[in-house]
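Within every chain, numbering begins at 1; the chains are lettered A, B, ... in the order of the sequence lines, protein sequences first and strands thereafter. The shown structure was predicted, so the numbers you read here are calculated from the model rather than taken from an experiment.
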Amino acid sequence: MNREFFARSVHEVARDMVGCTLAVGATAGIIVETEAYDATDPACHAYIGRTARNEVLFGPPGIAYVYLSYGIHSLLNAVAEPEGSAAAVLIRALEPTEGIELMRERRGHKARTLDSSTRLTLNQLCSGPGKLTEALGVGLDLNGAELLAPPFELSDRDPAWDDAEIVTGPRIGITKAAELPWRYCAAGSRFVSRPWPAAAPAERAA
DNA sequence: GCCAGGATCGTCT
DNA sequence: GACGATCCTGGCG
């Protein structure tokens with residue numbers, strides 16, 4: 001994994017990030033869902049042109065773009081395409097692999113009424129862009145940080161994922177350009193934020 | 001199980 | 001002063 005990986009079409013990067021492992025400090029997970037945003041796209045923060053908020057999007061690839069959504073959630077993106085081309089990949093869901101108890105501690109207070117154990121199940125930890133940043137401890141302070149250096153660590157897709165099926169569909173939670181099929185998911189993963197496609201292909205052997 | 005509503009704040013008009 | 005690339009909860013069936 002290197003900077004060249006990100007200096008390509010944001011759609012290729014979004015697709016190829018599925019199956020890669022993202023670590024932040026002692027926590028890590030396999031990326032199972034992403035979305036692509038580019039500057040020709042009304043839903044992209046860079047669409048309106050360069051501002052103080054979206055400046056990171058116009059910079060070099062391989063950098064974290066973190067912003068606050070709904071005043072509550074930090075959302076994590078990877079800046080893609082060569083410098084000057086503003087595009088990013090939103091990381092929407094992870095399959096947790098390391099630091100799971102730490103993730104539970106960070107997210108556990110939201111589990112009050114789930115059941116008597118008040119304990120989040122594995123696929124409740126990172127199954128959404130706001131959830132995974134909370135589980136990994138990613139906040140606005142990491143906006144502009146290098147994704148290829150601590151506390152981040154991004155690893156190539158495990159060979160077991162090389163023939164994994166990646167499915168695409170409409171992006172989630174946006175009002176502008178909602179019809180563009182720029183969401184990328186690991187087919188059949190139970191860790192995605194929402195099932196896609198509606199009739200999921202048969203589960204691949206684990 | 002589904003849906004409506006509230007939380008909460010940085011950014012831009 | 002309005003608006004989100006969201007998440008959780010409570011009410012109802």
Contacts to DNA chain C from residues 87-101 of chain A, heavy-atom cutoff under 4.0 Å, which residues?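 Within residues 87-101 of chain A, the residues near DNA chain C are A/Leu90, A/Arg92.
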Need the pair for B/dG6. Rule: Watson-Crick or G-U wobble, both distances under 3.5 Å, any strand; none if unpaired.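 In the structure as shown, B/dG6 has C/dC7 as its Watson-Crick or wobble partner.
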With the side chain defined as heavy atoms from C-beta on, A/Lys131 is closest, among C/dG4, B/dG10, C/dC7, to C/dC7
Map A/Ile72 and A/Leu140 onto DNA chain B by nearest heavy atom, then report which one ends up closer to the 5' terminus. A/Ile72
Side chains of A/Gln124 and A/Thr121: any donor to acceptor distance under 3.5 Å?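 Yes, A/Gln124 and A/Thr121 have a side-chain donor paired with an acceptor closer than 3.5 Å.
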No-hydrogen, no-angle side-chain donor-acceptor test under 3.5 Å, A/Ser193 and A/Glu33: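 The answer is yes; a qualifying pair exists.
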With no hydrogens and no angle check, is any side-chain donor or acceptor of [X] less than 3.5 Å from a backbone partner on [Y]?
X	Y	answer
A/Ser85	A/Glu81	no
A/Arg183	A/Ile172	no
A/Asp156	A/Met1	yes

In whole angstrom, what separates A/Leu68's CG from C/dC7's C1'? 13 Å
Short side-chain N/O contact from A/Arg107 to OP1 or OP2 of C/dC8, under 4.0 Å: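 For C/dC8, OP1/OP2 do have a side-chain N/O of A/Arg107 under 4.0 Å.
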Hey, does the side chain of A/Ser69 come within less than 4.0 Å of C/dG4's phosphate (OP1/OP2), counting only N and O? no
Please indicate yes or no: is the ring centre of A/Tyr67 less than 5.5 Å from the centre of the six-membered base ring of B/dG10, with the two planes inclined by under 30 degrees?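 Aromatic stack with B/dG10 absent for A/Tyr67.
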Would you mind telling me which residue lines up with the more 5' stretch of DNA chain C, A/Ser193 or A/Lys176, judged by nearest nucleotide?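 Going by which nucleotide is closer to the 5' end, it is A/Lys176.
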Centre-to-centre under 6.0 Å for A/Tyr67 and A/His45, is that the case here? yes
